[in-house]
Every structure is written in structure tokens, then in C-alpha cells.
Asks: 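Structure incoming, see below.
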Amino acid sequence: QVQLVESGGGWAQPGGSLRLSCAVSGFHLDVYDIGWFRQAPGKERDGVSCISSSSSSDGTTYYAGSVKGRFAISRDNATNTVYLQMNNLKPDDTGDYFCAAGDCKWPPSKYDYWGQGTQVTVSS
């Protein structure tokens, strides 16, 4: 069965860095695009970043404007893992982060497979 497991969340100071991992099982990363989403307190779940499967766009990446230049998404097909490197963190980055399998063109509601989420807290 398809499973996505996030890890790497926790606490960081403003300006610090965290790297989130999304370990995927049940399918290879060349089948589905993988997106990262976050839900800040009191807000709806929004897309943060996405990376296309090799079968679709050969690793094309997308970023929300609020994280562009600070976050970087990548994948390791050998280990079936997608990463989200988060640099220069800001308090507004605080929230629950989820990875999901689907299509980078889809809104969050269309994604079929989700991880359990990992919490990120950015504060001084």
C-alpha cells in the first residue's frame, strides 16, 4: 500500500534551517509528483513546493512565493525520498507540514495520498 512518512520537523530559530524528509513506499517517485503542503495555525492548508516525477516533467520544481529563494525541494530516486530543505526560516513558516503524492498542478484537495504530517515551529 502507498505510504508517505515525514520526518525532520521540530523547532528552529528564525534564520535557522531544517530539512524535512518524505519517505515513500508503495510506488516509485517516477509515478507521481510529490508536493509539500503546510497548514499554519488558523489557516487553510496551502502548497509550499512540489517536484514533478521524472515521467512527467523530469523533476521540475515549484515554490510558493513566500518560500521562493529560501526553500529547496529535491528527490532521491534511489531511496524513494523527497526532501524539503528550509533555510532562513521565519516565524510565519510555523505549521504542520505534509507531503502528498499526486500532480503538481492540483490543489491540495485533489491529492490522493498524504503523510501524517510533521510539525515545524520557528520562534526565538
Side-chain angles (χ1 to χ4, degrees):
Q1 183 56 258
V2 174
Q3 186 178 24
L4 298 90
V5 179
E6 302 96 336
S7 62
W11 175 86
Q13 300 180 74
S17 298
L18 289 171
R19 189 177 75 161
L20 306 183
S21 299
C22 176
V24 178
S25 61
F27 65 91
H28 293 110
L29 293 180
D30 61 351
V31 176
Y32 294 109
D33 301 347
I34 302 295
W36 282 98
F37 303 83
R38 72 183 176 195
Q39 187 165 9
K43 297 185 177 181
E44 297 183 355
R45 188 175 299 182
D46 290 324
V48 175
S49 184
C50 193
I51 185 165
S52 298
S53 67
S54 58
S55 62
S56 60
S57 299
D58 196 26
T60 300
T61 58
Y62 305 88
Y63 298 94
S66 60
V67 307
K68 187 175 294 185
R70 300 188 297 117
F71 291 9
I73 191 171
S74 62
R75 69 184 179 199
D76 186 341
N77 289 331
T79 60
N80 237 36
T81 303
V82 174
Y83 301 96
L84 184 67
Q85 179 67 46
M86 305 188 296
N87 297 322
N88 194 23
L89 285 162
K90 304 189 297 184
D92 284 348
D93 295 320
T94 294
D96 293 326
Y97 284 71
F98 304 84
C99 61
D103 191 307
C104 289
K105 299 177 182 177
W106 292 353
S109 60
K110 293 288 291 184
Y111 280 70
D112 294 325
Y113 305 106
W114 292 83
Q116 83 290 345
T118 185
Q119 184 173 247
V120 171
T121 301
V122 183
S123 64
S124 59

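We're numbering straight along the sequence, starting at 1.
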Asks: Excluding sequence neighbours, so at least two apart, what forms side-chain hydrogen bond (donor to acceptor under 3.5 Å, both in side chains) with Q119?
Replies: none
Asks: Is it true that D93 and R38 have a side-chain N and a carboxylate O under 4.0 angstrom from each other?
Replies: yes
Asks: CZ of R75 to CG of D33: how many Å apart, nearest 0.5 Å?
Replies: 8.0 Å
Asks: Say whether V2 and V82 are linked into one hydrophobic cluster, either directly or through other cluster members, by side-chain heavy-atom distances under 4.5 angstrom.
Replies: yes
Asks: Group every Ile, Leu, Val, Met, Phe, Trp and Tyr by side-chain heavy-atom contacts under 4.5 Å, then state whether V31 and L4 land in the same group.
Replies: yes
Asks: Of the non-hydrogen atoms in Y97 and M86, which two are nearest, and what is the gap between them?
Replies: CE2-SD, 3.8 Å
Asks: Could you tell me which non-hydrogen atom of E44 sits nearest to which non-hydrogen atom of Q39, and how far apart they are?
Replies: C-CG, 4.1 Å
Asks: Where does the angle between the aromatic ring planes of Y32 and F27 fall among parallel (under 30°), tilted (30 to 60°) and perpendicular (over 60°)?
Replies: perpendicular
Asks: Does one hydrophobic cluster hold both V48 and L89, with members joined at side-chain heavy-atom distances below 4.5 Å?
Replies: yes
Asks: Please name all residues satisfying side-chain contact (heavy atoms from CB on, under 4.5 Å) with N88, sequence neighbours left out, ordered by chain then number.
Replies: R70
Asks: Measuring from atom CD of Q85 to atom CG of L18, what distance do you get when rounded to the nearest 0.5 angstrom?
Replies: 8.5 Å
Asks: How would you list, by chain and number, every residue that makes a side-chain contact (heavy atoms from CB on, under 4.5 Å) with A40, sequence neighbours excluded?
Replies: K43
Asks: Is there a side chain to side chain contact (heavy atoms under 4.5 Å, CB included) between H28 and N80? Walk through the geometry before answering.
Replies: CA-CA 6 Å; H28 293 110; N80 237 36; 4.0 Å; yes
Asks: Show the nearest heavy-atom pair for residues V120 and L20, with the distance to one decimal.
Replies: CG2-CD2, 4.1 Å
Asks: Can you name the closest pair of heavy atoms from S124 and P14 and give their distance?
Replies: N-CD, 3.7 Å
Asks: Under the 3.5 angstrom rule, does the side chain of Y62 hit a backbone N or O of S52 as a donor-acceptor pair?
Replies: no
Asks: Please collect all side-chain hydrogen bond (donor to acceptor under 3.5 Å, both in side chains) contacts where either partner lies in residues 4-18, sequence neighbours excluded, each pair once.
Replies: E6-Q116, W11-S123, S17-N87
Asks: Give me each pair satisfying disulfide bond (SG atoms under 2.5 Å apart) with a member in residues 72-124, each pair once, sequence neighbours excluded.
Replies: C22-C99, C50-C104
Asks: Check the hydrophobic clustering (I, L, V, M, F, W, Y; side-chain heavy atoms under 4.5 Å; chains of links allowed) and say if Y113 and L84 are grouped together.
Replies: yes
Asks: Give me the atom names and distance for the closest heavy-atom approach of V122 to T94.
Replies: N-OG1, 2.9 Å
Asks: Any chance you could pull the hydrophobic cluster mates of F98, using side-chain heavy atoms under 4.5 angstrom and chaining through other members?
Replies: F37, W106, Y111, W114
Asks: Is the backbone of P107 close enough, under 3.5 Å, to the side chain of S109 for a donor and an acceptor to pair up by distance?
Replies: no
Asks: Treat each ILVMFWY residue as a node, draw an edge where side-chain heavy atoms are under 4.5 Å apart, and state whether Y83 and I51 are in one component.
Replies: no
